[in-house]
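Following: one structure in structure tokens, then a few remarks.
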Amino acid sequence: MSDTLTLIENRPPSVANLFIDRVAATPDGEAYRYPVPSATGQGPDEWKSLSWAQAAERVYAVAAGLIGLGVRPEERVALASSTRVEWILVDLGVMCAGAATTTVYPSTNAEESAFILSDSESRVLIAEDADQLAKARERRAELPNLAHVVVIDPEGAEPVDDDPEGWVLTLAALEALGRDHLAKNPEAIKERVAAITSDQLATLIYTSGTTGRPKGVRLPHDNWSYMAKATVSTGLITKDDVQYLWLPLAHVFGKVLTSGQIEVGHVTAVDGRVDKIIENLPVVQPTYMAAVPRIFEKVYNGVAAKARAGGGAKYKIFQWAAGVAREYATVSQDNFRRTGKSSVPFALGAKHKVADTLVFAKIREAFGGRLRACVSGSAALAPDIGFFFAGAGIHILEGYGLTESSAASFVNPGEAYRTGTVGKPLPGTEVRIADDGEILLRGPGIMQGYHGQPEKTTEVLESDGWFHTGDIGELSVDGYLRITDRKKDLIKTSGGKYIAPAEVEGQFKAVCPFVSNILVHGADRNFCTALIALDEPTILGWAAENGLGGKSYADVVASPQAVALIEGYVKRLNEGLQRWQTIKKFRLLPRDLDIEHGELTPSLKLKRPVVERAYKDLIDDMYAGAREA
């Protein structure tokens, strides 16, 4: 057995053990950084730190407080909060108490929040603020199991007359209760942790899904212990790294980043405010971070828009540099694949040095100047955008996994990464491609099943452990996986041709710097059409330069000038497609797609059925009078 597999086989039985081992190994090491308002209340936030020992004090206080409230092993404690340091501390506290965390997106409405709390039978809700508390109050009659709500930010979240006695308390009060409990029962945490088994439920994550009610995915401690050991064994993170963590921790992609950090012991800067990313990066100066493709698309479009606004010469320089970046990344990756060295011809290297001085160095500085690698997941990254950033010195390592596989099943391996693929399987994870192209996975990262839904579980999880992902993919001879589409999202035209809409959509995002979201439609039709939403700041910047300044986004996208602009990019897209894939007609949407209208999942995946229902009239109009024979 290899050293890597030995490491994975010898994993601890629980996340609680993993955490305790980390605290014992590096008690004074920096664990977390988090922002607080400046002392004056003006200017940028200040960043504070917690050592592993300081974090442990709070984690154990939360754990003991939950025990004091009567929470028993494997009972669920729901956590409805944005990404912040308290999310991590509470989650670890829940697991050190032997209980299980039910994650709830803070953007989830009261009805769906109540469904998750009820279906999971959560005993306690940790609510971020008064808004999250209000959702529980609104649906309290539907939540007979919910004994307490603990509020992180207490402002405006005081108990009211209708609340049962002791139903609402603050996180500070819970921690104080925990400290009192530990003073009387100093072995309480140790006893709970010692009793945790590897198959004991640690996390219940409800899939946001693109259709229907969410399903609760049961992830035991062993899933996370495996993830911690397996991700660290890849060598992608080290104890000297600084991670910038902003992804939603309620999502499995964000959650998996915390287990690897505990295993290796590096510092994580935590701030889930998406509007603060650009401001935070130069301050935090991370060495790595994870993100969804939309973030990289926005950065790319923003850089292109800034170059365009700088005038014709600057834009031409950017376009030249972008071409150099893509060529450089393509050639160096091809050479590494053949020879094991990322070499390029002298002339290309010389052009790259010039482009680096003029363009790429500025992009790296915007990311903090120390970024060694980014991990991209949750959806496919357009290869052209991946090659651009790779050539600019920002290596985006695509990975792949699902909630049902604890997030990380594949990741690109460091210097040997290949843009356009999601890399190789983690050690200990098996993969095979079914006859219809579906990706099947087996290994220690696979879920126990769907909570309370054995029939749904058996639909995707075979008795011998193979999990049906629902994704279509291809494996190279040396084990690199390329995702081509969702099995259920493949379009079959009335002419019998199959089309992968995500592939076409990804190509358009690489071609058009103005696009925010695009949906390609064509199921049972004779040609494909598209609904296109534009990035508001970018298109309004263009509008100001083209005689449309002062107009609203809706007015700009309705203008003949904007339609003609996007039509040009659609034509460029079509030049690289097969005839049956080409977009014959398109419509610009009067606003961007968003989570609030239910059109995107919290991880920014497109909810196709929702969008197609909402814009049915626009779709029908594109096919009106067309020959569908």
Side-chain angles (χ1 to χ4, degrees), residues 234-238 241 286-291 293 295-297 299-301 303-304 307 316-377 380-400 410-425 473-483 503 506-507 509-511 513 576:
T234 64
L236 294 178
I237 55 176
T238 72
D241 272 316
T287 58
Y288 89 95
M289 73 172 191
I295 296 299
F296 301 113
E297 292 162 3
V299 171
Y300 175 80
N301 289 342
V303 171
K316 285 181 180 178
I317 289 171
F318 168 76
Q319 288 179 306
W320 171 80
V324 171
R326 293 184 176 111
E327 183 182 3
Y328 185 92
T330 302
V331 171
S332 62
Q333 287 185 33
D334 285 346
N335 284 341
F336 189 91
R337 192 178 317 174
R338 292 196 307 270
T339 68
K341 294 182 180 179
S342 301
S343 58
V344 299
F346 176 82
L348 177 56
K351 286 194 296 184
H352 185 267
K353 284 183 180 179
V354 175
D356 191 80
T357 301
L358 296 175
V359 178
F360 307 152
K362 297 181 180 68
I363 296 173
R364 292 196 299 274
E365 282 302 312
F367 278 94
R370 298 199 309 153
L371 198 60
R372 181 170 48 77
C374 294
V375 177
S376 178
L381 177 71
D384 269 7
I385 291 176
F387 279 122
F388 168 80
F389 280 108
I394 297 171
H395 298 161
I396 301 177
L397 311 178
E398 282 197 86
Y400 169 74
F410 287 74
V411 70
N412 263 283
E415 192 179 5
Y417 75 107
R418 294 183 190 171
T419 299
T421 79
V422 295
K424 294 184 172 185
E474 302 168 346
L475 269 178
S476 70
V477 292
D478 53 351
Y480 284 77
L481 179 67
R482 189 172 77 89
I483 310 295
E503 184 176 348
Q507 289 185 44
K509 287 179 178 180
V511 166

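For the single chain, residues carry numbers from 1 onward in sequence order. Every heavy atom of this structure was used, including side-chain atoms; hydrogens, water molecules and symmetry mates were not.
When atom types are taken as modelled, the side chain of Lys353 and the backbone of Gly349 share no donor-acceptor pair closer than 3.5 angstrom. Between the side chain of Ser332 and the backbone N or O of Ala329, at least one donor-acceptor pair lies under 3.5 Å. Put simply, the side chain of Arg326 gets close to the backbone of Asp384: a donor and an acceptor are under 3.5 Å apart. In terms of modelled atom types and a separation under 3.5 Å, the side chain of His352 and the main chain of Val324 share no donor-acceptor contact.
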Kindly determine whether Lys362 and Val303 satisfy side-chain contact (heavy atoms from CB on, under 4.5 Å), including the steps that lead there.
CA-CA 10 Å; Lys362 297 181 180 68; Val303 171; over 6 Å; no
I would like to know whether Tyr417 and Leu236 meet side-chain contact (heavy atoms from CB on, under 4.5 Å); could you show each step before the answer?
CA-CA 11 Å; Tyr417 75 107; Leu236 294 178; over 6 Å; no
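Under the salt bridge (Lys or Arg N to Asp or Glu O under 4.0 Å) criterion, Arg364 pairs with Asp356, not counting sequence neighbours. Every residue meeting the side-chain contact (heavy atoms from CB on, under 4.5 Å) condition with Glu297, not counting sequence neighbours, appears here in chain and number order: Pro293, Arg294, Ile385, Lys509.
Proximity of Pro286 to Leu371: side-chain heavy atoms (C-beta onward) are separated by under 4.5 Å at one or more points. Using a 4.5 Å heavy-atom cutoff, the side chains of Asp241 and Arg372 are in contact.
Rounded to the nearest 0.5 angstrom, Glu474 CD and Leu481 CG are separated by 9.0 Å. Between atom OG1 of residue Thr421 and atom CZ of residue Arg482 there is a gap of 10.0 Å, rounded to the nearest 0.5 Å. Rounding to the nearest 0.5 Å places CG of Leu358 at 6.5 Å from CH2 of Trp320. Between the CZ atom in Arg418 and the OG1 atom in Thr330 there is a gap of 13.5 Å [rounded to 0.5 Å]. Atom OG1 of Thr234 sits about 14.0 Å away from atom CZ of Phe410, to the nearest 0.5 Å. Atom-to-atom distance recorded for His395:NE2 and Gln333:CD is 8.0 Å, nearest 0.5 angstrom.
Summarising the geometry of Ile396 relative to Leu381, their closest heavy-atom pair is CG2-CD2, 3.7 Å, with the distance given to 0.1 Å. Shown here for Ala325 and Phe388, the closest heavy-atom pair between the two residues is CB-O, 3.5 Å. A pairwise comparison of heavy atoms in Gly423 and Asn412 identifies N-ND2, 3.3 Å as the closest pair. For the residue pair Pro413 and Tyr480, the shortest heavy atom distance occurs at CG-OH, 3.5 Å. Thr419 approaches Pro383 most closely through the heavy-atom pair CG2-O, 3.6 Å. The two residues Gly576 and Gln507 have their closest heavy-atom pair at O-OE1, 4.3 Å.
Classified by interplanar angle (parallel below 30°, tilted 30° to 60°, perpendicular above 60°), the ring pair Phe318/Tyr300 is tilted. Below 30°, between 30° and 60°, or above 60°: for Phe367 and Phe389 the angle between ring planes is above 60°, a perpendicular geometry.
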